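Reading through the structure tokens given below for one structure.
Letters A, B, ... are given to chains in the order of the sequence lines, protein chains preceding strands, and every chain is numbered from 1. These numbers come from a predicted model, not from an experiment.
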Number of protein chains: 2
Amino acid sequence: MIDPIHQPLRLDGIGLNEVSIPRLYAYHRVLVQAHAAGKTTITSHGLAALLGHTIASPQIRKDLSALGTLGHRGRGYTIEPLVERLAHVLGLEHDWHVAVVGFGYLGHAFTTFIAGRERRFHVAAIFDASPAIVGQRWQDVTVADVTQMERVLSHVNCNIGVIAVPASAAQSIADRLAALGIRALLNFAPTPLHLRAPVFVRNIDLAGELSILTHRLSAEPNVGE
Amino acid sequence: MIDPIHQPLRLDGIGLNEVSIPRLYAYHRVLVQAHAAGKTTITSHGLAALLGHTIASPQIRKDLSALGTLGHRGRGYTIEPLVERLAHVLGLEHDWHVAVVGFGYLGHAFTTFIAGRERRFHVAAIFDASPAIVGQRWQDVTVADVTQMERVLSHVNCNIGVIAVPASAAQSIADRLAALGIRALLNFAPTPLHLRAPVFVRNIDLAGELSILTHRLSAEPNVGE
DNA sequence: AAATGTGAAGAGGTTCACAGCG
DNA sequence: CGCTGTGAACCTCTTCACATTT
């Protein structure tokens, strides 16, 4: 690890393990459902069951204990304050403005996904380099030319950048977004991005995931049934 | 880890670390470029440079040494046999037939992505539950009703299943695909899937990745500039 | 009695340093 | 001398076992 981004950030005086966060998000999701279904308390084992036992109960207890003393020994957890704590820690209370760069199939799909998923994400700006795509509308956003990124983003405030451009362009787009003060990037380009301190990047490596699958299948004795 | 899927599979007598595979794929990608540009040899440090120093050179040497003795001490690696070895190990020599289940925005985008990316992936069947989507055509594939999955897939051979359905349906779709003999699944639903031995699953947790970003931004001193 | 919270052990992967070899 | 290949140290996260508390 070259830069200090992987040091856990402190929120309300607690430091969270980065890998635990998707799990916390999963807890939040199923707890909201359980609460809607009328449940008021839950045990770590019960939560593991709701998650299909994809996460072990000691792991759940360890994750939750990092958020403070939320459980009751002998009883379990009260769902409502637990959900509130999770929402606060995960930043689910804020609204986020997203800039999507690259509006090919992947960018388009992610835009629809992110906007449709929850109303806390607003796609505020979309950019592309292709004249065929620039000028298209998506809901009330018009796709702007990527050369106009600095100009547009000085008017439209965005917190999160989504990079869905070809590998060759990804690093330069990332640098430009970082220079504009955007500190969180989600990168779908196959090149892993590398940015310095206050900017935080997540790389989604779809081709890499596919490679894992094709490797496993190649290693199986009988490929293709 | 509950099931034995995470034991490294052996291919040509070697066992590969699962997390190394996306890296091997990245090496393959940039080496193909370097070879096309006329380079014939490369060192581990040179390869790290091509990757923008996102991967350290000792890591590269360790990854490559697992594939056999491919390097020449004092010289580096000869690109051509290295590329061939990587392609073989990653299953890049085979063609793969993909079944996409769920043809909403995510499913549609991924279908286009996977098919457009490289010609070794063929989307051979598409399923959806919505009457509005069933019957649509994508290239020469007609979207079939998900209830017909067993019937269709008994005719059309598929090696890889892509799950892009809502969380509530994901596990049951996965079970049905597994029962049909599909042993590799890529899951975009927020529920992590859990399947027994010969089936291998990769979960792409886009919502979880976004949570990491919103958590980081919430923990920053000044949210939204 | 039941279930949390946690120190300790374990597992897995990365980094380091250097021996080995062309 | 240069660069690979690798055992050992290191680090991070997960699992375990149990003391603790209601």
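- Picking from C/dA8, C/dA3, C/dG20 the nucleotide with the shortest atom distance to the side chain of B/R73 gives C/dG20.
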Checklist entry - How far apart are the C-alpha atoms of A/K39 and A/E80, what are their side-chain angles, what is the distance that settles it, and do they pass the salt bridge (Lys or Arg N to Asp or Glu O under 4.0 Å) test? => result CA-CA 10 Å; A/K39 282 187 78 79; A/E80 201 164 334; over 6 Å; no
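- C/dG12 atom C1' lies 8 Å from atom CG of B/N17, rounded to whole Å.
- Closest contact between the side chain of B/Q59 and the listed nucleotides C/dG5, D/dT4, C/dT15 involves C/dT15.
- Closest to the side chain of B/A56, from the set C/dT15, D/dC16, C/dT14, is C/dT15.
- As judged by a 4.0 angstrom heavy-atom cut-off over every strand, A/L64 is placed among residues making no nucleic acid contact.
- Two residues, A/G74 and A/P58, neighbour DNA chain D, and the one matched to the more 5' nucleotide by heavy-atom proximity is A/P58.
- Atom CD1 in A/I60 sits about 14 Å away from atom P in D/dC16, given to the nearest Å.
- In this model, the phosphate group of D/dC3 is not approached by any side-chain N or O of B/T43 to a distance below 4.0 Å at OP1 or OP2.
- Remark: P of D/dT6 and CG of B/D63 are 13 Å apart, rounded to the nearest angstrom.
- Across the protein-nucleic acid pair, A/L70 atom CG and C/dA3 atom C1' stand 15 Å apart, rounded to whole Å.
- Among the atoms of the strands shown, only primed sugar atoms or phosphate atoms (P, OP1, OP2) are found under 4.0 Å from some heavy atom of A/T69.
- Residue A/S20 is out of contact with every strand shown, counting any heavy-atom pair closer than 4.0 Å.
- Heavy atoms of B/R61 sit under 4.0 angstrom from at least one base atom.
- Note: NE2 (B/H45) to C1' (D/dT4) measures 15 Å, nearest angstrom.
- Candidate nucleotides C/dG5, C/dT14, D/dC16 were compared by shortest atom distance to the side chain of A/S65, and C/dG5 ranks first.
- Side-chain rings of A/H88 and A/H28 stay apart, their centers remaining 6.0 Å or farther from each other.
- For A/F103 and A/F127, the ring centers sit 6.0 Å or farther from each other.
- The distance between atom NZ of B/K62 and atom P of C/dG12, rounded to the nearest whole Å, is 15 Å.
- The phosphate of C/dG22 has neither OP1 nor OP2 within less than 4.0 Å of any side-chain N or O from B/Y77.
- Tested against A/I42 for a side-chain contact (heavy atoms from CB on, under 4.5 Å), the candidates A/I79, A/V30, A/T78 yield a single pass: A/I79.
- In this structure, CZ of B/R23 is placed 8 Å from C1' of C/dT14, rounded to the nearest angstrom.
- The side-chain hydrogen bond (donor to acceptor under 3.5 Å, both in side chains) with B/D95 is formed by just one residue from the set B/R120, B/H122, B/R119; it is B/H122.
- Within 4.0 Å (heavy atoms only), A/S57 reaches no atom of the nucleic acid at all.
- The interatomic distance linking A/I55 (CD1) with D/dC13 (P) rounds to 15 Å, in whole Å.
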